[in-house]
Peer 1: 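Here it is: the structure, laid out below.
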Number of protein chains: 2
Amino acid sequence: MTTARPLRVLLADDEHLIRGALAALLALEEDLVVVAEAASGPEALAMALAHRPDVAVLDLQMPGADGVKVATSLRAELPDCRTMIVTSHGRPGHLKRALAAGVRGFVPKTVSARRLAEIIRTVHAGNRYVDPELAADAISAGDSPLTAREAEVLELAADGAPVAEIAERASLSQGTVRNYLSSAASKIGAENRHTAVRLARERGWV
Amino acid sequence: MTTARPLRVLLADDEHLIRGALAALLALEEDLVVVAEAASGPEALAMALAHRPDVAVLDLQMPGADGVKVATSLRAELPDCRTMIVTSHGRPGHLKRALAAGVRGFVPKTVSARRLAEIIRTVHAGNRYVDPELAADAISAGDSPLTAREAEVLELAADGAPVAEIAERASLSQGTVRNYLSSAASKIGAENRHTAVRLARERGWV
DNA sequence: CAGCGCACATGACAAACGTCATACGGTGAC
DNA sequence: GTCACCGTATGACGTTTGTCATGTGCGCTG
């Protein structure tokens with residue numbers, strides 16, 4: 001059993017420093033081999049199709065397309081490839097999106113390389129792994145109490161646009177927009193739409 | 001000249017994965033030795049005092065105290081130790097703050113490890129190094145047109161607090177607060193304080 | 001089918017906000 | 001020593017928001 005076929009890994013992260021360092025560390029693991037690296041979402045996708053890795057380790061924030069988008073495409077185009085997300089900022093919403101996209105591993109960058117290698121093996125074996133802390137956050141954040149429209153309007157309000165502009169962009173009357181913003185804010189427990197936007201962001205509801 | 005005293009490096013980054021990987025890569029450089037690692041601002045400070053490194057490589061965002069704060073303290077307590085900042089999100093304002101704190105190197109995490117090693121040597125030699133792209137951003141963002149008070153009030157407005165609360169926290173009258181917010185927004189070219197906050201953030205003015 | 005929740009709307013009122021004029025004391029520059 | 005700019009303040013004005021009541025129509029679900 002010493003000559004098992006090595007586990008082929010794709011590494012995608014826009015930070016060269018991290019990516020290179022990670023590749024070096026994973027190379028120390030005998031059963032892992034990094035077959036491709038990418039610095040952007042589209043590049044990750046292209047690399048995956050070219051090299052057909054067993055596991056794709058994706059950074060959440062990358063130029064072009066974020067980790068979850070890449071995972072979604074990968075699921076369609078390369079179903080045998082397991083995907084996992086590594087991230088610095090673990091927002092509850094991201095985790096939820098990721099799991100919905102078929103991602104099987106979700107870990108913060110605070111883990112050690114050894115641990116990451118273990119998790120890569122876990123994921124490859126067909127199991128899932130979600131960082132317990134992030135999972136707890138996601139659960140405690142709960143599901144969004146917002147209706148689809150409320151969320152949409154809140155999102156349009158995100159950059160501080162006045163009601164008139166939001167109304168126009170959403171093709172709604174100004175009164176309706178105010179109603180939605182008001183009910184969204186009260187559901188969230190914020191005193192005004194701006195704090196509502198911030199809180200919704202933090203909880204991954206927008 | 002082969003047995004020169006090695007260059008002693010302190011590594012501070014809250015992401016274990018990155019920090020470990022970085023340490024491993026820097027260890028490949030013959031003339032560098034990582035003498036200490038830290039995962040938070042205070043820890044970095046303590047480690048520096050205990051191990052007296054030649055160069056401290058600090059992540060910008062860390063729990064406890066950010067890289068710039070650590071650099072400031074270090075400058076006072078360990079003047080011989082050069083400091084440099086490594087960061088993922090290079091906002092213009094951070095660079096300015098960092099240079100003011102006596103930081104001698106400022107690089108994004110997109111550089112390669114080899115390059116980082118070179119820069120560590122540059123910094124140790126007493127020179128400065130600032131990533132050209134970040135420098136260009138900082139220059140094009142220009143200086144803040146805001147007065148000290150305007151910036152302060154704008155910062156208090158950052159989380160969407162109403163004027164009354166800002167006034168209380170700044171010990172100002174509500175009218176004054178509104179005046180400041182109004183003039184700050186007009187200087188920035190924003191239509192209201194919320195977009196003003198956002199733009200000021202992007203330009204590193206708060 | 002009756003009831004419920006949602007999308008969407010209107011009108012009205014109070015509170016918050018943005019803007020402007022005006023004022024006065026302090027500080028630094030010329 | 002005047003001039004300009006800043007910090008601070010007030011009062012007044014119109015506009016934008018937040019909130020509420022109320023209404024219509026639609027699609028589920030019991």
Side-chain angles (χ1 to χ4, degrees), chain A residues 93 96-97 100 141-206, chain B residues 93 96-97 100 141-206:
Chain A
K96 225 166 276 183
R97 274 204 311 141
D143 268 341
S144 171
L146 305 176
T147 69
R149 275 299 195 252
E150 285 164 354
E152 187 187 329
V153 169
L154 203 55
E155 205 154 359
L156 288 172
D159 52 358
V163 169
E165 193 181 319
I166 300 172
E168 197 182 351
R169 289 215 268 168
S171 302
L172 289 175
S173 89
Q174 300 197 12
T176 304
V177 168
R178 288 202 306 222
N179 288 153
Y180 286 174
L181 286 175
S182 179
S183 78
S186 90
K187 279 178 182 175
I188 289 176
E191 291 194 345
N192 58 51
R193 60 210 172 103
H194 304 288
T195 55
V197 164
R198 194 168 49 80
L199 291 175
R201 277 259 169 79
E202 280 172 17
R203 295 175 199 173
W205 292 342
V206 295
Chain B
K96 225 166 278 182
R97 272 204 312 140
D143 267 341
S144 170
L146 304 177
T147 68
R149 275 298 195 251
E150 284 164 357
E152 186 187 329
V153 170
L154 203 55
E155 205 154 359
L156 288 172
D159 53 358
V163 169
E165 193 180 319
I166 300 172
E168 196 183 351
R169 290 215 268 168
S171 302
L172 289 175
S173 89
Q174 299 196 12
T176 305
V177 169
R178 287 201 304 224
N179 288 152
Y180 286 173
L181 287 175
S182 179
S183 77
S186 89
K187 280 178 181 174
I188 290 176
E191 290 192 346
N192 59 51
R193 59 211 174 101
H194 304 288
T195 56
V197 165
R198 194 168 48 81
L199 291 175
R201 276 258 170 80
E202 280 172 16
R203 296 176 198 171
W205 294 342
V206 295

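None of these values were measured; they are calculated from a predicted model. All chains are named by letter (A, B, ...) in the order of the sequence lines, taking the proteins before the strands, and each is independently numbered beginning at 1.
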Peer 1: For dG7(D), does either OP1 or OP2 sit under 4.0 Å from a side-chain N or O belonging to T147(B)?
Peer 2: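 Yes, T147(B) has a side-chain N/O under 4.0 Å of OP1/OP2 on dG7(D).
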Peer 1: Nearest of dC20(C), dA9(C), dT17(D) to any side-chain atom of N179(B)?
Peer 2: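 Nearest to the side-chain atoms of N179(B), counting from C-beta on, is dC20(C).
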Peer 1: Grab the two heavy atoms, one from Q174(B) and one from A164(B), that are nearest each other, plus how far apart they are.
Peer 2: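 In this case the closest contact between Q174(B) and A164(B) is NE2-CB, 3.5 Å.
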Peer 1: Nearest whole Å is fine: how far is dT19(D) C1' from N192(A) CG?
Peer 2: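 Rounding to the nearest Å, CG of N192(A) and C1' of dT19(D) are 14 Å apart.
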Peer 1: Within a reach of under 6.0 Å around CZ of R201(A), are more than 12 heavy atoms found that belong to other residues, nucleotides or ligands?
Peer 2: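 Incorrect, the count does not exceed 12.
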Peer 1: Under 4.0 angstrom, heavy atoms only, what part of the nucleic acid is L172(B) near: base, sugar-phosphate, or nothing?
Peer 2: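 Counting heavy atoms under 4.0 Å across all strands, the contact made by L172(B) is with sugar-phosphate only.
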Peer 1: Does CD belonging to E202(A) count more than 12 external heavy atoms closer than 6.0 Å?
Peer 2: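 Counting other residues, nucleotides and ligands, CD of E202(A) exceeds 12 neighbours.
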Peer 1: Using atom CD of E152(A) as one end and atom C1' of dC8(C) as the other, report the distance to the nearest whole Å.
Peer 2: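 From E152(A) CD to dC8(C) C1': 13 Å.
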Peer 1: In whole angstroms, how far is the P atom of dT19(C) from the OH atom of Y180(B)?
Peer 2: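 For the pair Y180(B) OH and dT19(C) P, the rounded distance is 17 Å.
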Peer 1: Side chain of S182(B) only, please: which of dG18(C), dT17(D), dT8(D) is the nearest?
Peer 2: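 That would be dG18(C).
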Peer 1: Once you round it to whole Å, what is the distance between P of dC6(D) and CD of E150(B)?
Peer 2: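 My rounded result for the distance is 8 Å.
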Peer 1: To the nearest angstrom, how far is L181(B) atom CG from dA16(C) atom P?
Peer 2: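 The answer, rounded to whole Å, is 15 Å.
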Peer 1: Could you check how far CD of E191(A) sits from P of dA14(C), rounded to whole Å?
Peer 2: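 These atoms are roughly 21 Å apart.
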Peer 1: When you get a sec, tell me which of dC17(C), dT19(D), dC6(C) is the closest nucleotide to the side chain of R178(B)?
Peer 2: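 Between dC17(C), dT19(D), dC6(C), the one nearest the side chain of R178(B) would be dC17(C).
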Peer 1: Is there a side-chain contact between S173(A) and the phosphate of dT10(C), meaning an N or O under 4.0 Å from OP1 or OP2?
Peer 2: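 For dT10(C), OP1/OP2 do have a side-chain N/O of S173(A) under 4.0 Å.
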Peer 1: H194(A) has an atom NE2; how far is it from atom C1' of dG18(D), in whole Å?
Peer 2: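 Result: 11 Å.
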Peer 1: Between K187(A) and Q174(A), which has a closest nucleotide on DNA chain C that is more 5'?
Peer 2: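 The answer here is K187(A).
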Peer 1: 5'-most contact on DNA chain D: R193(A) or S171(B), nearest heavy atom basis?
Peer 2: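 Closest to the 5' end, via its nearest nucleotide, is S171(B).
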Peer 1: Knowing that exactly one of L154(A), L156(A), N192(A) qualifies, which makes a side-chain contact (heavy atoms from CB on, under 4.5 Å) with V197(A)?
Peer 2: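 When L154(A), L156(A), N192(A) are each tested with V197(A), the side-chain contact (heavy atoms from CB on, under 4.5 Å) holds only for L154(A).
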Peer 1: To the nearest Å, how far apart are E165(A) CD and dT17(D) C1'?
Peer 2: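 Answer to the nearest Å: 16 Å.
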Peer 1: Against R193(B), only a single residue in I188(B), V163(B), V177(B) fulfils side-chain contact (heavy atoms from CB on, under 4.5 Å); can you say which?
Peer 2: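 Single side-chain contact (heavy atoms from CB on, under 4.5 Å) partner of R193(B) among I188(B), V163(B), V177(B): V163(B).
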Peer 1: Considering only side-chain heavy atoms of P162(A), which listed nucleotide, dA7(C), dT17(D), dT10(C), is closest?
Peer 2: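 The closest nucleotide is dT17(D).
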